[in-house]
Number of protein chains: 2
Amino acid sequence: MEANVNESGFRGLDKSLRIQKITDTAAELFHRKGYRSTTLDDVSKELGITKAALYHYVSSKEKLLSRIYIQALENIFRNTDKIAGKDLPPDVRLRLIIQNHIKGIIIQSISMFSVFFTEENQLPDKEFRKIQQEKKKYTRIVETIIEEGISQGLFRKSDPKLQAFAIIGMCNWVYKWYKPGPGSYTPEQIADYFTSLLERGYLKGDVEEVPDVPELSEGGREKAGSRKEGYQRLRVKCEELSKLVDEMEKHG
Amino acid sequence: MEANVNESGFRGLDKSLRIQKITDTAAELFHRKGYRSTTLDDVSKELGITKAALYHYVSSKEKLLSRIYIQALENIFRNTDKIAGKDLPPDVRLRLIIQNHIKGIIIQSISMFSVFFTEENQLPDKEFRKIQQEKKKYTRIVETIIEEGISQGLFRKSDPKLQAFAIIGMCNWVYKWYKPGPGSYTPEQIADYFTSLLERGYLKGDVEEVPDVPELSEGGREKAGSRKEGYQRLRVKCEELSKLVDEMEKHG
DNA sequence: AGATAGTTTTAATGACTGTTTAGTTATTAA
DNA sequence: TTAATAACTAAACAGTCATTAAAACTATCT
């Protein structure tokens, strides 16, 4: 029946730490139950204080949400500029970005990023736009690295924006499935793995020449060129695959 | 000031269509404002009827959410079994799965999947578990295809589950950035692009032999083997990269 | 026309919750 | 000791919202 007095209390912390604790607790609850479904009573109960006491530290529930967003952004952007600006080959920079990204999500707590990814529409308009803008900025960083990789002849030709979305999506989704624990992967292992997959793909590579990414703007796509036997069929186009599925639809 | 009488009215539809319209409208609003923040007044207003009239078709708000989840699942699973069971090489099956996945999300409406991905914690416990289970089932399907690809020597060695998460994440994230419109990519184009990236990676491929994915279980990883000059450095390990970042931290 | 069933509305209820107010306690400063 | 301030509490305000009850409208059938 007692209030939750877990994890090193709340009273015996100095102010900035107490605010941090409030933010973390809120993030955890918002993550578990959703922002709107979490009451300030829930938060205060979890902290072992009264709701009104909360208002000593945070001026509104909305402000609490803002704080979470600000922290998440700070965390993700902490290293990006340094990485992106460093004089390193694009592939290495991309690796660093990916690693930083996954580390940010996992170490800085999944809850915070879960909220970050799912509660945007709860922010006031102005803040919402700000966040949207920052996200675009981040995408743009990744995009730029990819562009450089391509222009240096290191990366295959592609649509850099689409590729950035693909990579970022793969990384972001970590918050959905990652469960910390003794047997879990470390963020570094995941980053290593993702990088390896993204750089080289999952197909075993004994092909003479890898074709560029298909043109996205037109229908007429790649005429099968000089590739080794056995990999011809890998390049079946999606249009054909579509027909295949449609066919399946009809005949059970 | 009038009620929203857009998109072909509500009154002139037969029952099952009316229920469908309610579900779609709800999904759209839940997507825009969040489940908890959307009132039934919002939904009914959007439909041009009163709140109480809604209760003729849906017994509770929760039920409305359930319906959305059920439809999303139906949509994703519609073809999977047929694809996974078909006697096709693993790489082709994986392509089909990816394509089906992205098509499902985009065509069947982003809103529905946005809700599907973000409002799970609003479901009653029993339903929540059911959904969780279905998601696992889906991951398992992808995983199995990957396992077969590996054992047939077609795919590089890897952790199939991690790879499944990576792929699924890349695909799911589409709901976050895809904006339908005249200049947008088609689902097929996105699927094509993702598949190409996933199969072959973004690095330009003039390497003799692509190394297997690094072992995830131990620290000691790959001794640089017989690879072409110039790609040596690509295989810098994340541990080393970490140090690099840490260093940057200190010296601006 | 009248009855019936299906549909929609108006009006109310009851529970919940973000926020405010007014006051208490503990700690520090003068 | 007195005054001031920070930390906190209890209670209530003001509003919102899911849900229900009961009345009114509409179309169809007899």
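Labels below follow one simple rule: chain letters A, B, ... track the order of the sequence lines, proteins then strands, and each chain is numbered from 1.
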Item to complete: Could you please name the option among C/dG18, D/dC8, D/dA18 that lies closest to any side-chain atom of A/A53?
Response: D/dC8

Worksheet item: Just how far, in rounded Å, is P of D/dT19 from CG of B/L64?
Response: 10 Å

Worksheet item: Rounded to whole angstroms, how far apart are CG on B/L54 and C1' on C/dG6?
Response: 16 Å

Practice prompt. Would you indicate what A/S37 reaches in the nucleic acid, counting non-hydrogen atoms under 4.0 angstrom: base, sugar-phosphate, or nothing?
Written response: nothing

Discussion item. From C-beta outward on A/K61, which listed nucleotide comes closest to its side chain: C/dT9, D/dA18, C/dG18?
Written reply: C/dG18

Worksheet item: Want to settle it: does A/R36 or A/H56 sit nearer the 5' end of DNA chain D, counting the closest nucleotide to each?
Response: A/H56

Worksheet entry | Audit row: B/Q71, B/Q20, side chain to side chain donor-acceptor pair (under 3.5 Å) steps and yes/no | CA-CA 10 Å; B/Q71 287 196 12; B/Q20 186 57 51; 3.0 Å; yes

Discussion item. Looking at C/dT8, I'd like to know if its phosphate oxygens (OP1 or OP2) sit under 4.0 Å from a side-chain N or O belonging to B/Y55.
Written reply: no

Fill in: B/L47 CG to C/dT7 C1', straight-line distance once rounded to whole Å
15 Å

Item to complete: Check the distance between C/dT10's C1' and B/I49's CD1 and give it to me in whole angstrom.
Response: 15 Å

Item to complete: Round to the nearest Å and state the distance from A/Q122 atom CD to C/dG18 atom P.
Response: 12 Å

Worksheet item: Among C/dT10, D/dA6, D/dA12, which nucleotide sits nearest the side chain of B/T50?
Response: C/dT10

Worksheet, complete the sentence: B/L29 CG to D/dC17 P, in whole Å, measures 13 Å

Worksheet item: Taking only side-chain nitrogens and oxygens of B/Y57, does any of them come within less than 4.0 Å of OP1 or OP2 of C/dT8?
Response: yes

Item to complete: Please check the phosphate of C/dG6 (OP1 and OP2 only) for any side-chain N or O of B/R18 closer than 4.0 Å.
Response: no

Discussion item. Should the side chain of B/K51 and the base of D/dT19 be counted as holding a donor-acceptor pair, with the cut-off at 3.5 Å?
Written reply: yes

Worksheet item: So does B/E120 pair up with B/K135, basic N to acidic O under 4.0 Å?
Response: yes

Practice prompt. Indicate whether the side chain of B/S66 and that of B/E127 have a donor and an acceptor atom separated by less than 3.5 Å.
Written response: yes

Fill in: Any side-chain heavy-atom pair of A/W177 and B/I168 under 4.5 Å
no

Discussion item. Between A/Y35 and B/A52, which residue's closest nucleotide on DNA chain C lies nearer the 5′ terminus?
Written reply: B/A52

Fill in: Value in whole Å for how far the C1' atom of D/dT19 lies from CG of B/D41
11 Å

Item to complete: For A/L40 and D/dT9, give me the distance from atom CG to atom C1', rounded to whole Å.
Response: 16 Å

Fill in: Check against side-chain contact (heavy atoms from CB on, under 4.5 Å), B/R36 and B/F30
CA-CA 8 Å; B/R36 241 0 227 274; B/F30 292 170; over 6 Å; no

Item to complete: Assign B/T38 to base, sugar-phosphate, or nothing according to its heavy-atom contacts below 4.0 angstrom with the strands shown.
Response: sugar-phosphate

